[in-house]
Amino acid sequence: MTARLPQGGRIDRERPLAFMFNGERYQGYAGDTLASALLANDVHLVSRSIKLHRPRGIVGRGPEEPNALLQVGRGAAALPNTRATQLPLRDGLEARSVNGRPSVNTDAMAVFDLAGKLMPAGFYYKTFMAPRGWWERYERVIRPAAGTGMVPDSPDPDRYEKVETHCDVLVAGAGAAGLAAALAAARAGARVIIADEQAEAGGGLLASRARIDGQSAADWAGAMRGALEQLPEVRVLPATTVFGHYDHRFIGLVERVQEQRPEAPVRERFWRVRTRELVIAAGAIERPIAFPDNDRPGIMTASAVREYLERYAVRCGRRAVVFTNNDSAYATAHALLAADAAVTVVDARRTPGAAAEQAEAAGARVLPGSVISATAGRRRVRRVSVRAAEGGTQDIDCDLVAVSGGWNPSVHLHSHARGELRWVPGLASFVPAEDLPHSRAVGACRGTFDLAAAIAEGFAAGAEAARAAGRGDGDAPAAPTVTDAEPGPEGLEVLWRVPGKGPAFVDLQNDVKASDLELALREGYRSIEHVKRYSVLGFGTDQGKLGNLVGMGIVAEALGKAPEAVGTTTYRPAWTPVTFGALVGPETGELFQPIRRTPMHEWHEAEGAVFEDVGQWKRARYYPREGEDMDAAVARECLATHQGVGVLDYSTLGKIDIQGPDAVTLLERVYTNNWRKLAVGRCRYGLMLDENGMVLDDGVTARLGEQHYLMYTSTGGAARVLAWLERWLQTEWPELEVYLTSVTDAWATVSLAGPHSRDLLWDLGTDIPLEAEAFPFMSVRTGSVAGMPARVQRVSFSGELTFEVSVPANFGLDLWTRVMEAGERYGATPYGTETMHVLRAEKGFIIVGQDTDGSISPIDLGMDGLVSRKKDCLGKRSLQRPELQRADRPQWVGLTPEDPERVIPEGAQLVADPDATPPVPMHGWVTSSYYAARIGRSIALGFVNGGRERYGERLFAWDLDAGVIPLTVTRPLFFDAEGERQNV
């Protein structure tokens, strides 16, 4: 390990770890990251750039790293695009570069670098458009050339967990300010969670030579963490990234469990945290300077060079050039000098000040008023050209360039919640303009780079957050004494780029150059968001953490605007990439979504029911007897319902309990028809539209009391409808006093349909009058059935006399069993969803999601009579659009095949002349099609252009497998048009 110093650092030299990189065996130590271990072995070339295939090396120290995205492991457990700077080294780890064929050292596609001028930003928008039909040929070349990791084909073998929790104060970041905030809040009695993406708390303190109350900075950080872990109401989460800040202080975290405990059975844990108060202590990221050929391996940020040296005892080079425009890089110069490296500081400022004098006194060569104008070296930088402000250029041999163009406070979590930013000229960066309600930014992410001030800020914010959460009096602990702290970015003079002959890279991950941004401006783009999209600036996995602000500065200079006038691109979650495994958690395979079963499910299984999935529910589709196929079983069930009693398990229908003084107002706004005059004890069919005027759901709603309604929805639409109602109540109509409760699982429902259903209900025993006069159609009554508390509705989806009996779910199986026993004398027959579909189709009733697809309006269905002209409702105004008023729109019709035994395939297209020369005009399509046993023939439902004016017209259904089927367009009603059977 030629670059490893014989002593120092925070690694455990007693625990050597072997690992493989690109087929070569290397050694590191416990406490290393993969990046520090590679650098310790003098490995700088780790990848090739995504577009030009230029050699690239490690640049950063954490989530900002744009180049070292490696493939780790093999097979199903392989991890693509893993950032080497954030991956703890473990014994036996195997990693390889992902963009280099046949190898990263000899990449055949490096020829693209020679053609770089032919591939500027946006060239793909213009190049690959022609000739037509060539895209597949282009794709065969482009896909292998674009360097990203390979996703395993087989299922992920790792396990993941989800945790839901609450706290008083959540602290994002365990650097100096974060540790101080957490301790202050905890000592005030608050329940605290502190999370940091590193495995060891301390942040920048772990590479600092500062003294805090006489201790080293790292020891002070360890003592603070120890104090926190001793407090009962504190949870310390190392190796945990706070990746998202959402509404109402809902915070997303991902804990990388196996980084701390390799033997743990869970790889990652997704924490969903609701906190009363949030303290953001996310630190800052050092930004580079764009200068010609600034992407060679060995060119790194100055803070990364110092961290690898101080924390991992890795000297990244022996002949170093430090290029800076501010004081903070001088800490790196001193650290390199202490490690016996030769150091030249290229300072863009003409009068650097005391920091430069101290560096010269320590042995560094300082070149004020100078910039790096060129670099040389292929697989590693070996020389830089330095141009002085007065003129003249000199070459300096080197194997390391440490660059500091200033610091960008990590404002991402603040911005996720739409926090405003303000420009600070002295930092040449953005900081939070003001704190959000219940959220505070502290330390470097607030622009505070003085260590003592940052700690004091953390103590104050933690104490105040605890007080706001109802804990403590807000008094902050006394701040410690800090000495020997490294300088911050004092004296910064803005420098975004250095002009020159070579390409100056702004976004290293996407090969975005300063010239690409200038091209975007010449193409007419002015908004930074548009420039970003044209140039793909910040599109990579680092999301522009290094390059976006530099790019913004270059755009501002080119436009002659102030940086704050150009602004930033939008910061969105996630802060760093989050695995799908963490987001999904254990909900995969059979656990992907819950399997819901009705209380009568075991009875259906015992009777040999064939089930189908409807939403999350297992519903009996049909009940075959010996020798029956589905068609025979469905025909028998239909006729049994028509002649005696059909029994349906209707428990899966969505049921939403609606209560409150404004309940009827809600119904008026979400349903198309009127509800104010609906009497208690009566039911009404309702049609619900989305904002575009398209059918969202339908169902029957019963009025149970003056301020009490029960809404029934389709089985598959229950969750969607409840979310729809809650969305409007919470965001647009918060003044309405309405309370919604899903009671779908609370009630089991048995539907008795057929001419003997009333007789069967009498036989079961009930105190509810069942005569038509006392219990008319579309009514609801409450009482007892078979000795069980029950709610009974007279509604019909079958066209037959029907009573829907709902009892508490625990009574469901008992009620079903008694119904089947008492119903033997009437030929009671269980029927499933397939029979239900046939019966409703004979009546022309729609099924939302089968007969509608989000593009069907009530006018198309011939149900515009249900749209009240006396009131407004969601979607009503959209129905006035000329497009929806067209007479030739697809309209709901019935279809009768000329061969009454032939069933049209669902989805078949309707044409007027099947023998016409293609392309053949389509006149409509089939949505539902069955053999209807009650009427003794096949029927279908569907849509025909201008269909209501085409009753009696002959069309043809066409299907690839079934061929041509002649049919007649009819009214969408085939059985009991007057409704006599359901009203008896």
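Checking D542, I299, N67 one by one against L508, the side-chain contact (heavy atoms from CB on, under 4.5 Å) holds for a single residue, N67. Of the listed residues (R274, R272, R235), just one forms a side-chain contact (heavy atoms from CB on, under 4.5 Å) with T165, and that residue is R235.
No hydrogens or angles considered: a donor-acceptor pair under 3.5 Å links the side chains of T569 and N548. T579 and E268 share a donor-acceptor pair across their side chains, judged by distance under 3.5 Å alone. Side-chain atoms of S404 and N325 include no donor-acceptor pair closer than 3.5 Å. If you check the side chains of W575 and E197, you find a donor sitting under 3.5 Å from an acceptor. Between the side chains of S303 and E286, at least one donor-acceptor pair of N or O atoms lies under 3.5 Å. A donor and an acceptor atom, one from each side chain of S439 and D435, are nowhere located under 3.5 Å apart. For the residue pair T241 and R256, a side-chain donor N or O sits within less than 3.5 Å of a side-chain acceptor on the partner. Inspection of the Q71 and T82 side chains reveals no N or O donor paired with an N or O acceptor under 3.5 Å. Side-chain atoms of Y312 and R10 include no donor-acceptor pair closer than 3.5 Å. The closest side-chain donor-acceptor pair between T448 and E457 falls under 3.5 angstrom.
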Side-chain donor/acceptor pairs under 3.5 Å, residues 459-468, sequence neighbours excluded:
residue	atom	partner	partner atom	Å
E464	OE1	R467	NE	3.2
E464	OE2	R467	NE	3.1
E464	OE2	R467	NH2	2.5

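Summarising the geometry of F270 relative to G252, their closest heavy-atom pair is CE1-CA, 4.2 Å, with the distance given to 0.1 Å. Minimum interatomic distance between V234 and L228 (heavy atoms only, all atoms of both residues): CB-O, 3.5 Å.
Rounding to the nearest 0.5 Å places CG of L451 at 6.5 Å from OG of S208. Between L278 atom CG and H245 atom NE2 the span is 5.0 Å, to the nearest 0.5 Å. The distance from atom CG of D247 to atom NE2 of H416, rounded to the nearest 0.5 Å, is 12.5 Å.
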